[in-house]
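A quick write-up on the structure given underneath.
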Amino acid sequence: MTQVRVTVDGVNYADEVEPRLLLAQYLRETLGKTGTLIGCDTSNCGACTVHLNGRSVKSCSVLAVQADGGEVTTIEGLARDGQLHPVQEAFRECHGLQCGYCTPGMIMAAVDLLGDNPDPTEHEVREGIEGNLCRCTGYQNIVRSVQSAAKNMKPGAVAQNAPVAGGGN
Amino acid sequence: MIPAKFDYVRPTSVEEAVTALRDGGEDAKILAGGQSLLPVLRLRMAAPSVVIDLGGIPELRRIAEDGDRIAIGAMAAHHDVMRDDLVKQHVSLLGQATETVADPQVRHRGTLGGALAHADPAGDLGAAALALDAEFVILGADGTRVVPAAEFFTDYFTTAIGEAEILTQIRFPKYTGWKTHYEKFNRTAQAWSMVAIAVALKVDGGTISEARIGLTNMGSTPIRATGVEQALVGQAAGKDVAKAAAEHVTEGTHAPSDADAAADYREHLAKVLTGRAVLTAVG
């Protein structure tokens, strides 16, 4: 067993884990953060996307022990004081989901994309979420959601209670 | 699926890592960014006894100017390589090839050294490293040795890195002002290259004075298309020249046939893509 100390959604954790434990499993099974989903066995689908030290990663392709000393944000850590993150809000408003399975990963990838590029073109959005698959093929509304979120996240566009993750860095 | 059990060590220096690798025996495995290794472990296609994680050695992530070369630490993430100003200015072909690797999440974790050491013939970075005459700095118990790109890739997933050795740095000569492009053909998002062409051209007054062309997935290793290079040098950079030179691209190649494409289709693709790549590079 190896010790992992990690901050997840603002809370510090220290756990003894098997080195082979994937970060996705650690989040879901050890911490109970089942908002992060596992959709494939091949690292393609991106449903398990979280942020590790501010960058989107596929948590099925990171060992929990590799996250030692790091900071993880999951879909469960985006809302602030009961208020949805603008990207979450946009997915709801624009119907950016059908079955919803890819949604947590899509949103985490989109938040990272918008932090990097606050005003992406449609093409840039499609490239930015290239690592995430929607098996319902609901991409049209997903892309619309990300573009709508970008609009709403522009400085002065909406009143924010607190800085949001991915809102520029 | 989850990986089989393994022991895990996270050394804090390259020397410590080499010792751990030697002590770990033949079943020890180096973990760089893990974007190839972890899927392989999960699918139980490999079950190493010890995994040695290089993630705890910050110096391996450094990208720096080293005289007339750009030295990139083996653990530099793809994302950092393609955004780096030194890379953009002096080794733009590497940056362009890196931008096409997998997807953003994978580029955040995956590393230059990891990808090159993995040596998948469909990987994008080998062709660029070969075309650009990169040097591979390899550390073992007996010290450091430097292997030129032309001798680094030896076969499918096989390189000149010895059993108890670690790739620590990749050095690129500067190609400041060269015209470069990486033309990749794949079927879907995230997919590996069916074929790709790495092109770097030195153009003086409209004439190509030097040419370097690397091929992805046209054999068991990255391949240098010397026939195309020779056909380009001394010529004016234009459509007819590009098309005529591209006819040489299959010389010395052994294109694979697999579920994605048959060998003859790959050969056809290579010619079309070479023409396109040369024209895009010269703009």
Side-chain angles (χ1 to χ4, degrees), chain A residues 1-4 17-26 29 38 40-70 105-106 108-113 115-117 124-134 139, chain B residues 1-10 12 29 31-58 61 75 77-80 82-83 99-111 114 184 186-192:
Chain A
M1 302 289 267
T2 304
Q3 192 179 62
V4 56
V17 301
E18 273 195 87
R20 64 172 170 166
L21 188 73
L22 305 171
L23 179 58
Q25 294 172 293
Y26 175 71
E29 293 164 24
I38 298 175
C40 74
D41 237 347
T42 54
S43 308
N44 291 109
C45 83
C48 66
T49 300
V50 300
H51 295 180
L52 174 57
N53 300 323
R55 291 177 167 187
S56 61
V57 302
K58 295 181 179 178
S59 61
C60 74
S61 299
V62 179
L63 298 170
V65 291
Q66 286 180 286
D68 184 45
M106 281 289 180
M108 296 313 288
V111 170
D112 187 39
L113 165 68
D116 201 41
N117 180 357
E124 286 168 340
V125 172
R126 289 181 184 274
E127 296 240 300
I129 58 169
E130 183 181 13
N132 297 70
L133 304 179
C134 170
Y139 294 104
Chain B
M1 273 168 65
I2 59 172
K5 283 189 180 188
F6 53 78
D7 291 329
Y8 173 82
V9 287
R10 190 179 169 94
T12 53
K29 191 77 192 160
L31 171 62
Q35 300 305 288
S36 294
L37 181 59
L38 281 180
V40 163
L41 294 182
R42 281 211 322 270
L43 296 171
R44 304 270 176 124
M45 290 160 69
S49 53
V50 189
V51 168
I52 301 159
D53 180 4
L54 299 185
I57 313 174
R61 298 189 180 278
M75 287 289 287
H78 299 316
H79 180 86
D80 294 325
M82 66 192 229
R83 298 288 177 95
E99 283 175 10
T100 74
V101 172
D103 56 54
Q105 290 97 316
V106 170
R107 291 194 295 269
H108 285 149
R109 295 291 299 173
T111 65
K184 173 169 174 169
N186 58 1
R187 204 166 52 82
T188 58
Q190 305 179 17
W192 295 87

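Reminder, nothing fancy here: chain letters follow the sequence lines and each chain counts from 1.
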Less than 4.5 Å to any heavy atom of chain B: does that hold for the side chain of A:Glu18, its backbone, both, or neither? side chain

Please state whether the side chain, the backbone, both or neither of A:Glu127 comes within less than 4.5 Å of a heavy atom of chain B. backbone

Between A:Thr2 and B:Arg10, is any side-chain donor less than 3.5 angstrom from a side-chain acceptor? no

Is a side-chain donor-acceptor pair under 3.5 Å present for A:Asp112 with B:Gln105? no

Could you tell me which portion of B:Leu41 (side chain, backbone, both or neither) has an atom closer than 4.5 angstrom to a non-hydrogen atom of chain A? neither

Select one option (side chain, backbone, both, neither) describing which atoms of B:Ala191 are under 4.5 Å from chain A's heavy atoms. neither

Looking only at heavy atoms, which two atoms of [X] and [Y] are closest? And how far apart?
X	Y	result
B:Pro104	A:Gly131	CD-N, 4.2 Å
A:Glu130	B:Ala189	CG-CB, 3.4 Å
B:Gln190	A:Leu133	NE2-CD2, 4.0 Å

Output the option from [options] having the highest count of non-hydrogen pairs under 4.5 Å with chain B.
options	value
A:Ser43, A:Ser56, A:Gly46	A:Ser56
A:Thr49, A:Val65, A:Thr42, A:Ile38	A:Val65
A:Leu21, A:Leu113, A:Asn132	A:Asn132

Shorter than 4.5 Å, heavy atoms on both sides: which option in B:Gly34, B:Pro39, B:Gly33 has the most such pairs with chain A? B:Pro39

Only pairs of heavy atoms separated by less than 4.5 Å count here; which of B:Leu31, B:Val51, B:Thr188 has the most with chain A? B:Leu31

Any side-chain heavy atom of B:Arg83 within less than 4.5 Å of one from A:Asp116? yes

Check whether any side-chain heavy atom of B:Asp53 lies under 4.5 Å from a side-chain heavy atom of A:Leu63, and answer yes or no. no

Sub-3.5 Å donor-acceptor pair from the side chain of B:Arg42 to the main-chain atoms of A:Cys60, do we have one? yes

Do the side chain of A:Arg20 and the main chain of B:Phe6 share a donor and acceptor less than 3.5 angstrom apart? no

B:Asp103 bridged to A:Lys58 by N-O distance under 4.0 Å: yes

